[in-house]
Amino acid sequence: MVKRVTKTERERVQKILDLLDEHYTREYKCYLNYETPWQLLIAVILSAQCTDARVNIVTKDLFQKYHTVEAFANAEQKELENDIHSTGFYKNKAKNIILCAKRLIEVYGGEVPRTLEELTSLAGVGRKTANVIRGNIYNEPSIVVDTHVKRISRKLGFTKEEDPEKIEYDLMKVLPKEHWILYNIQIITHGRGLCTARNPKCEECFLRELCKEK
DNA sequence: CTCCCGATAT
DNA sequence: ATATCAGGAG
C-alpha cells in the first residue's frame with residue numbers, strides 16, 4: 001500500500017519534530033562510544049538486542065585489546081567470543097565481526113564503505129546497522145529503524161507497518177530529509193526516558209496530545 | 001518463521 | 001518469572 005501524506009498530516013509531523021527539537025539534543029551524536037568508523041561498525045554489530053550501556057562497557061576493553069581492523073580479522077573466534085560474551089548472541093557476533101573485518105580488508109582496503117549495498121554485504125551488517133554508519137559517519141540522510149523507532153513511529157501514527165524496511169520507506173515520506181538522522185537519535189532518547197516499551201510515562205510526555213496512543 | 005543469548009528492570 | 005534491549009542470518 002502506497003502511503004500518501006496530506007497537508008494536515010505534515011503540519012502534525014512538524015509539530016512533533018519541533019517538540020522533539022525542543023526537548024532533546026539536535027546533535028548527530030549517537031550513544032555508542034567510538035573513535036573511528038570501524039569502531040562504530042563493530043559497536044553497532046554488538047548492539048543487537050543489547051543495551052548501548054552494555055556495549056560501551058564491552059567496547060571500552062575491546063578496543064584497548066584490538067587496536068586495528070586487522071587485529072579483529074586475525075582474532076581467535078573463541079577468544080573474541082569471551083571478550084564480547086556479555087552482549088549476548090556472542091557466537092554469531094564474534095563470527096560476524098571476524099568475517100566483517102576480513103572483508104573490510106580484502107575488499108575495501110580496511111575502510112568502512114559508504115553505500116547501503118556495500119555495507120550490507122558485510123557479515124553481521126543489516127539495514128539498520130548500515131544506516132547508522134551512513135548517518136553518523138558519512139552524514140548521508142538515512143533512517144534507522146530500531147526497536148524504539150519502530151514502536152514509537154507506530155504510536156505516533158507515522159506508519160502501520162511491522163517490517164522495518166517498510167517502516168523506513170514510510171518514514172522517508174513522512175519526515176523531512178533534514179530530520180532523518182536526528183529523528184532516530186531523538187526517538188531513542190524518548191524511548192529510553194518516557195515512551196518506554198513496558199510502562200510508558202504518558203502523563204509526563206510532551207507528545208501526549210499528538211500521540212495516536214497504543 | 002526460527003534461532004541466536006546475556007544483563008537488567010519490572 | 002518475564003519482557004526488553006540501537007538486529008541479522010538461514
Side-chain angles (χ1 to χ4, degrees), chain A residues 20 24-25 27-34 37-62 77-104 112-113 116-138 140 142-155 159 161-168 171 179-202 214:
Chain A
L20 286 171
Y24 300 132
T25 180
E27 285 182 80
Y28 296 159
K29 175 86 177 72
C30 76
Y31 287 104
L32 296 167
N33 297 334
Y34 67 96
W38 63 263
Q39 284 186 351
L40 178 60
L41 186 63
I42 289 174
V44 182
I45 291 173
L46 290 175
S47 74
Q49 296 296 290
C50 180
T51 61
D52 52 351
R54 170 60 50 187
V55 173
N56 285 334
I57 291 171
V58 168
T59 53
K60 188 181 179 189
D61 293 333
L62 192 69
Q77 186 169 326
K78 288 293 179 190
E79 190 176 346
L80 185 56
E81 284 177 11
N82 186 56
D83 293 330
I84 65 171
H85 180 272
S86 70
T87 65
F89 299 158
Y90 56 89
K91 288 184 181 176
N92 284 337
K93 286 175 181 175
K95 177 165 56 111
N96 286 334
I97 286 170
I98 292 170
L99 284 172
C100 177
K102 286 183 190 296
R103 184 171 171 83
L104 280 181
V112 177
L116 203 72
E117 194 179 353
E118 290 171 320
L119 284 163
T120 53
S121 78
L122 299 164
V125 180
R127 239 188 138 77
K128 178 248 166 182
T129 302
N131 279 322
V132 171
I133 296 298
R134 285 174 55 71
N136 284 277
I137 302 299
Y138 297 113
E140 297 273 2
S142 49
I143 291 189
V144 176
V145 181
D146 56 49
T147 178
H148 297 295
V149 170
K150 176 179 177 178
R151 182 181 72 256
I152 296 174
S153 295
R154 285 168 57 83
K155 277 193 176 186
T159 181
E161 301 290 349
E162 280 285 346
D163 175 30
E165 189 170 341
K166 290 180 180 173
I167 294 176
E168 190 183 321
L171 291 179
H179 282 266
W180 286 7
I181 305 175
L182 203 50
Y183 177 76
N184 165 65
I185 297 164
Q186 292 175 330
I187 290 298
I188 287 175
T189 311
H190 194 55
R192 287 178 36 151
L194 293 175
C195 195
T196 49
R198 278 224 232 172
N199 299 318
K201 301 178 175 69
C202 300
K214 314 155 211 161

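Chain identifiers are assigned alphabetically (A, B, ...) following the order of the sequence lines, protein sequences preceding nucleic acid strands; residue numbering begins at 1 within each chain. Just the heavy atoms: all of them, side chains too, but no hydrogens, waters or symmetry mates, feed the values below.
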Could you list all the side chain to side chain donor-acceptor pair (under 3.5 Å) pairs where at least one residue sits in residues 186-201 of chain A, not counting sequence neighbours?
A:Asp21-A:Gln186, A:Tyr24-A:His190, A:Tyr31-A:Thr189, A:Asp52-A:Arg192

Partner set under side-chain contact (heavy atoms from CB on, under 4.5 Å) for A:Ala101, not counting sequence neighbours
A:Val69, A:Phe72, A:Ala73

What residues form a side-chain contact (heavy atoms from CB on, under 4.5 Å) with A:Asp61, not counting sequence neighbours?
none

Protein-to-nucleotide contact annotation, 5' to 3' order, nucleotides 3-10 of chain C [B base; S sugar-phosphate only; - none; under 4.0 Å, heavy atom]
BSBBBSS-

Could you check how far CG of A:Asn56 sits from C1' of B:dG6, rounded to whole Å?
16 Å

Salt bridge (Lys or Arg N to Asp or Glu O under 4.0 Å) filter on A:Lys29, not counting sequence neighbours, yields none

In chain order, what residues pass the side-chain contact (heavy atoms from CB on, under 4.5 Å) check against A:Thr147, with sequence neighbours excluded?
A:Arg151

Identify, between A:Lys91 and A:Ile57, the residue whose nearest nucleotide on DNA chain B lies closer to the 5' end.
A:Lys91

Distance, C1' atom - from C:dA6 to B:dT2, rounded to whole angstrom:
22 Å

Rounded to the nearest Å, what distance is computed from the CD atom of residue A:Glu81 to the P atom of nucleotide B:dG6?
11 Å

Which is more 5' along DNA chain B, the nucleotide nearest A:Lys93 or the one nearest A:Arg54? Just name the residue.
A:Lys93

Do A:Glu162 and A:Arg154 sit within salt-bridge range, that is, some charged N less than 4.0 Å from a carboxylate O?
yes

